Amino acid sequence: MPFPMKETAQMRDVGEPESRPPNLKVFVSRRLPEAVERRAERYELIMNKEDVVLSPMELAEAALNCDYIVTSAMQPIPRSVFERLKGTLKAIGTLSVGYNHIDLEAARECGVAVFYSPGVLSEACADLAVMLMLNAARRAHEADALMRSGKWTGFAPTQLLGISLTGRRAGILGMGRIGQAVARRLAAFGMKLHYHNRRALSPDESIGATYHPTAEALLEVSDVLFLLAPGSAELVKFLDRRRISLLPADSVIVNISRGETIDDDALIEALQSNRIFAAGLDVFTDEPNFDPRYKALHNVFLTPHIASATVDTRNAMGFLVLDGFLAFEQGRKADNQLC
Ligand code: DGY
C-alpha cells in the first residue's frame, strides 16, 4: 500500500504570510518552529518567552484581551481559562492531534472555536513508534551504553540478546490514521497485524490486520502492543495489572498516545519481574515528572514526548492551525475545527 502523498506535499509548503494583516492579537503559549512563527506574524503576537507550560491562571492573565491562543499538547486549558477570557477570546489552535488538554465543552459554551492538527503528523508518529519497538526489542539503548562505557570486551554469542520481530504479532490499540501508518510499516517487517477499534475498518483501511472486538482479545495476541488510541478519561490506567497479565510472555509494549493510559505501578512491576520483555515509552503520566523508577530499569527505552518532532511535521502542524484561523476569519469551517 503506497504512503499517502498528501501529508508530505503539505509538509513542504513553506507557509507564506497572508497579505492583509487582520488586526488580531494572538497569545502564543509555546515557541513555534521558525517558519510557523514567521507566518503567524500577520497577527500581533504576544509570546510566552519562557516557553514553559503555564498554570491556567497564568495563561488566562497572559492572554487577556487576545483574540486567539496558539498552544500545544500538555498545556491545560480548563474551564476557568474560558470563563476568564469570555467575550474576548475567539479561537484556540493547538499544535497537536490530541486535545484532551482542552475543555471542549467549556469552549463551546463560551463560543470559542478550537482547531487542532490531525493528519499531518501520522507518518512521523508512526516512525517513532517503530523506533521504540526496535529499540526495546533489540536493546539498542543498552548496546549504546555498553559502547560508551569502555567495557565492551568484544563479540559474544550470548551478548545483548533481543527478540526477533518477523512473524510476531503486533497488536494495535487505536487503528486511526497513526495506527494505519504504523501497520504499513510493520507489514514490511513481516509482522502479523491485529487491531482493536470501536468499529472494524474496511479492508483497505485495515492493511490486512485482524479485527478484535474487545481490547482484551487484542491483548491476548499482542507480542508487541502499540498504544495509539487518543488520550481520554475512559483510558486512564487502561493497561493495568489485569490487562498486562493477558499479554503473551516476552511481549513488548510501545506507548505514544498519553502516559495516563498506563498504570505505572503495574508496568514497572511487569518490567522488574521480566513478565514482559521490554517497553518503549514516549509519553508519561505527569510529564515531565515521570516515574523515576523507569530510570533504573534496563528493559525500558525512554523518549521525551517527541513522536511528532520533525521540522517538516511541526511546520505542517503549525500551518494547519493557522489555516484554520484563516478559514475562521473568512467565515468558513475548516476540517480541523473541533468546535
Ligand atoms: C499530539 O499531537 O497530541 C502529540 O502528543 C504532540 O504533538
Side-chain angles (χ1 to χ4, degrees), residues 4 6-7 10-11 15 28-37 40 48 51-54 69-78 92-104 107 114-132 172-182 226-236 238-239 253-262 279-290 302-324 334-339:
K6 187 170 159 259
E7 185 157 325
Q10 195 168 0
M11 283 157 46
V28 181
S29 89
R30 300 304 299 266
R31 289 308 301 258
L32 305 172
E34 206 186 318
V36 180
E37 284 192 1
N48 171 15
D51 194 20
V52 290
V53 172
L54 300 171
I69 294 175
V70 178
T71 191
S72 67
M74 316 319 285
Q75 169 60 64
I77 311 196
I92 291 183
T94 179
L95 271 76
S96 61
V97 65
Y99 48 84
N100 56 325
H101 53 296
I102 302 176
D103 186 334
L104 285 189
V114 178
F115 299 88
Y116 73 140
S117 63
V120 293
L121 75 183
S122 313
E123 305 299 332
C125 290
D127 287 346
L128 196 98
V130 171
M131 184 187 110
L132 292 174
I172 298 177
L173 186 87
M175 189 75 149
R177 277 176 284 228
I178 297 175
Q180 290 168 38
V182 170
F226 288 86
L227 297 173
L228 305 178
S232 68
E234 302 85 75
L235 282 181
V236 170
F238 161 82
L239 197 63
I253 294 168
V254 170
N255 188 12
I256 64 161
S257 61
R258 286 292 179 262
E260 288 75 11
T261 307
I262 289 179
L281 308 177
D282 184 52
V283 286
F284 303 89
T285 297
D286 195 23
E287 293 177 14
N289 307 309
F290 67 99
L302 308 168
T303 53
H305 203 149
I306 54 165
S308 63
T310 73
V311 176
D312 296 328
T313 302
R314 289 281 161 83
N315 282 347
M317 292 164 78
F319 296 152
L320 195 57
V321 162
L322 295 177
D323 287 347
D335 289 344
N336 63 324
Q337 183 171 348
L338 286 163
C339 70

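The structure displayed is predicted, hence computed values, not measured ones. Just so it is clear, the values below take in all heavy atoms, side chains as well, and ignore hydrogens, waters and symmetry mates. Atoms within a ligand are numbered from 1 in the order they appear, just like the ligands themselves.
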query: Polar-atom distance check: V97 versus ligand 1, any N or O pair below 3.5 Å?
result: yes

query: Looking at ligand 1, does any of its N/O atoms fall within less than 3.5 Å of an N/O of R258?
result: yes

task: Run the numbers for me: atoms of ligand 1, each under 4.0 Å from some heavy atom of G98, listed by number.
output: 1 (C), 2 (O), 3 (O)

More than 12 heavy atoms from other groups under 6.0 Å of CG on D51: yes

message: Nearest 0.5 angstrom please: I69 CD1 to N48 CG, how far?
response: 11.5 Å

statement: Logged contact type for S308 with ligand 1, heavy-atom cut-off 4.0 Å, is side chain

- prompt: Between L121 and ligand 1, which residue portion shows a heavy-atom distance shorter than 4.0 Å: side chain, backbone, both, or neither?
  reply: side chain

task: Scan side-chain atoms only and decide if T71 and R30 contain a donor-acceptor pair under the 3.5 Å cut-off.
output: no

Validation row: F319, V120 side chains within 4.5 angstrom (heavy atoms): no

message: Please report the interatomic distance CD1(I256) to OG1(T303), rounded to the nearest 0.5 Å.
response: 9.5 Å

- prompt: With atoms numbered from 1 as shown, which atoms in ligand 1 lie under 4.0 angstrom from a non-hydrogen atom of H305?
  reply: 4 (C), 5 (O), 6 (C)

